[in-house]
Amino acid sequence: MGKKLDTVNSINNLTDPLLKRTFEASRSPLIVTDNLRLDNPIIYSNQAFLDLCGYDLDEVIGRNCRFLQGDDSDEEAVATLREAVEQGTDARVTLKNYRKDGVPFWNDLIMSPIKDDAGKVTHFVGMQLDITDRMEAQQALVAKTEQLEQSNHELEQFTYATSHDLQEPLRMINSYLQLIRKRYGEEFDEDGNTFLDFASEGADRMQALINDLLTLSRLSDDSRRYKKIAMREVVDRSLNNLKLLVEETGTTLTIGRLPTMCVDPVQITQLFQNLINNAIKYRRAGVKPVVDISARKDGGSYIFTVKDNGIGIEPKHFDRVFTIFQRLHTRSEYPGTGIGLTICAKIIKRHNGSIWVESEPGKGSSFMFSMPVERG
């Protein structure tokens, strides 16, 4: 009881009645510590603080606020708080504390010095904000993210292994189809040859699908090396891979001034190859393809554009085109696996950028992607 009376006397000397009532009326947990006494004991706490930590007033008074902390408290935050008290400066830290019943809670603690007329720090006032719900939600999100990343990694490994294992039986199917055509082709009637063509076409489509799935699964391999390279060189590599398609379709290409960037050359070559290939593939009947490649700086990023004069895309499909296996046309109209733009989106994500499309049906499309000027 004597400790409580001493406390009341200290508060009476420290504050006027209005200030005392203000402290008590505050919904924010508040404490006052004595900076002139050893170990900076708590000499005042309002009811909101007692409700937060579950202690009675006589169990709090005279104790350092560290008594609420456990062995798992952030040592850096504790050191910051200790240094502020020693130097008489403001401090704001986030701490994990424990209620009297042992239940943990998180709080943002703001400690501010109180000085006398001579400028000497005599007390500290501490205001606490209970952020337990926010921290628990954040921890749950981190755990869920880690779980999702692990699941994605396992799925990518499964996709790679499955796609890789499908290669051998598919080669065997193709080999035997070729043998059948070579050895018995003359004995087939028209229907027989048509059926053989269907089987070969299906095997080729399966091979293309497996190759794209393997490409997609390999994009998560962080062992690939990033290096500084002229983007014009990367575009030239992709065009070299598309040389026959460009010549056969009479495609006109214009390439603007492109920057030098730190990228994964293999993946960015794949990116341009997919975008240019699509620009040529989805051309309008009777109209030779025109593809324009350009780049411009926008703040801390470069924005690249691959523009064509093709069939265009309706706005409602802008997001859909980047989703795996989502096709806007039948295979008979435009062949493909439905993975190419998904690969592009994943490559850009790995380069900390974003990709999008602007288009108008019948007037062509502009596929644009951004990448940071400096790789972080």
Side-chain angles (χ1 to χ4, degrees), residues 3-4 6-8 10-11 14-15 19-115 121-153 376:
K3 181 188 292 184
K4 193 167 184 178
D6 288 343
T7 301
V8 172
S10 296
I11 295 303
L14 180 66
T15 64
L19 189 55
K20 282 177 57 180
R21 289 196 297 270
T22 302
F23 268 57
E24 283 300 335
S26 173
R27 295 184 179 181
S28 297
L30 297 170
I31 60 172
V32 177
T33 64
D34 189 346
N35 198 52
L36 300 178
R37 293 167 61 184
L38 186 65
D39 203 30
N40 307 100
I42 297 172
I43 63 170
Y44 170 77
S45 73
N46 66 354
Q47 188 59 45
F49 176 82
L50 299 176
D51 292 341
L52 174 64
C53 64
Y55 285 90
D56 294 328
L57 182 63
D58 57 359
E59 294 176 300
V60 169
I61 298 304
R63 303 176 73 176
N64 185 282
C65 58
R66 289 196 301 270
F67 83 96
L68 295 173
Q69 298 164 17
D71 295 334
D72 55 352
S73 287
D74 186 339
E75 289 300 321
E76 184 176 346
V78 172
T80 298
L81 187 60
R82 185 184 301 115
E83 182 180 356
V85 171
E86 291 173 354
Q87 296 182 2
T89 57
D90 292 285
R92 179 168 186 168
V93 295
T94 298
L95 292 170
K96 182 180 183 181
N97 290 331
Y98 288 86
R99 291 170 46 87
K100 184 179 180 179
D101 58 10
V103 176
F105 68 94
W106 290 87
N107 67 292
D108 267 345
L109 173 61
I110 302 174
M111 294 288 288
S112 299
I114 301 174
K115 300 179 181 180
V121 176
T122 59
H123 301 82
F124 272 88
V125 60
M127 181 176 72
Q128 307 197 44
L129 175 65
D130 186 2
I131 58 169
T132 303
D133 290 345
R134 188 180 80 193
M135 292 299 292
E136 288 178 348
Q138 183 177 321
Q139 290 174 341
L141 180 61
V142 170
K144 195 70 176 177
T145 301
E146 291 175 351
Q147 181 182 358
L148 184 60
E149 288 176 350
Q150 177 63 26
S151 177
N152 284 342
H153 177 69

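Separation of atoms CD (E59) and SG (C53) is listed at 8.5 Å; rounding is to 0.5 Å. Atom OG1 of T80 and atom CD of E75 lie 11.0 Å apart (nearest 0.5 Å).
Considering only heavy atoms from C-beta on, S45 comes within 4.5 Å of L57 through its side chain. Proximity of C65 to I31: side-chain heavy atoms (C-beta onward) are separated by under 4.5 Å at one or more points. The side-chain heavy atoms of T145 and L141, taken from C-beta on, include a pair separated by under 4.5 Å. The shortest side-chain heavy-atom distance between L50 and V60 falls under the 4.5 Å cut-off. A 4.5 Å side-chain heavy-atom check between I42 and N64 finds every atom pair outside the cut-off. By the 4.5 Å heavy-atom criterion applied to side chains, T94 and I131 are counted as neighbours. Side-chain contact between N97 and Q128 is present, with at least one heavy-atom pair separated by less than 4.5 Å.
By the side-chain contact (heavy atoms from CB on, under 4.5 Å) test, T132 pairs with F105, W106, D130, E136, sequence neighbours left out. With sequence neighbours left out, D101 forms a salt bridge (charged side-chain N to carboxylate O under 4.0 Å, His left out) with R99. Residues meeting the side chain to side chain donor-acceptor pair (under 3.5 Å) test with S28, sequence neighbours left out: none. Partners of Y98 by ring pair (Phe, Tyr, Trp, His ring centres under 6.0 Å), not counting sequence neighbours: none found.
A pairwise comparison of heavy atoms in D90 and S112 identifies OD1-OG, 3.0 Å as the closest pair. A77 approaches L95 most closely through the heavy-atom pair CB-CD2, 3.8 Å.
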One pair to check against side chain to side chain contact (heavy atoms under 4.5 Å, CB included): K96 and Q69. What are the steps and the verdict?
CA-CA 7 Å; K96 182 180 183 181; Q69 298 164 17; over 6 Å; no

Determine, stepwise, if the pair N40 / D34 fulfils side-chain hydrogen bond (donor to acceptor under 3.5 Å, both in side chains). CA-CA 5 Å; N40 307 100; D34 189 346; over 6 Å; no

Checking I114 against V121 for the side chain to side chain contact (heavy atoms under 4.5 Å, CB included) test, could you report, in this order, the C-alpha distance in whole Å, the side-chain angles of both residues, the deciding distance, and whether it holds? CA-CA 6 Å; I114 301 174; V121 176; over 6 Å; no

Between L109 and R92, is a side chain to side chain contact (heavy atoms under 4.5 Å, CB included) present by the stated rule, with each step listed?
CA-CA 6 Å; L109 173 61; R92 179 168 186 168; over 6 Å; no

The test is side chain to side chain contact (heavy atoms under 4.5 Å, CB included); show your working for D108 and M127 and say whether it passes. CA-CA 8 Å; D108 267 345; M127 181 176 72; over 6 Å; no

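Using a 4.0 Å cut-off between charged nitrogen and carboxylate oxygen, D39 and R66 count as a salt-bridge pair.
In this structure, the side chain of D56 does not engage the main chain of D58 through any donor-acceptor pair within 3.5 Å. The backbone N or O of L30 sits less than 3.5 Å from a side-chain atom of N46, completing a donor-acceptor pair.
Applying the ring-ring contact (aromatic ring centres under 6.0 Å, His included) definition to pairs two or more places apart or across chains, those involving residues 62-96 are Y55-F67.
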Acceptor/donor pairs from residues 81-88 side chains to any protein atom, 3.5 angstrom cut, sequence neighbours excluded:
from	atom 1	to	atom 2	distance (Å)
E83	OE2	Q87	NE2	3.4

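Dense packing is recorded around CE of M135, with more than 12 heavy atoms of other residues, nucleotides or ligands lying under 6.0 Å away.
Checked by atom type, the side-chain pair T122/N35 shows no donor-acceptor distance below 3.5 Å.
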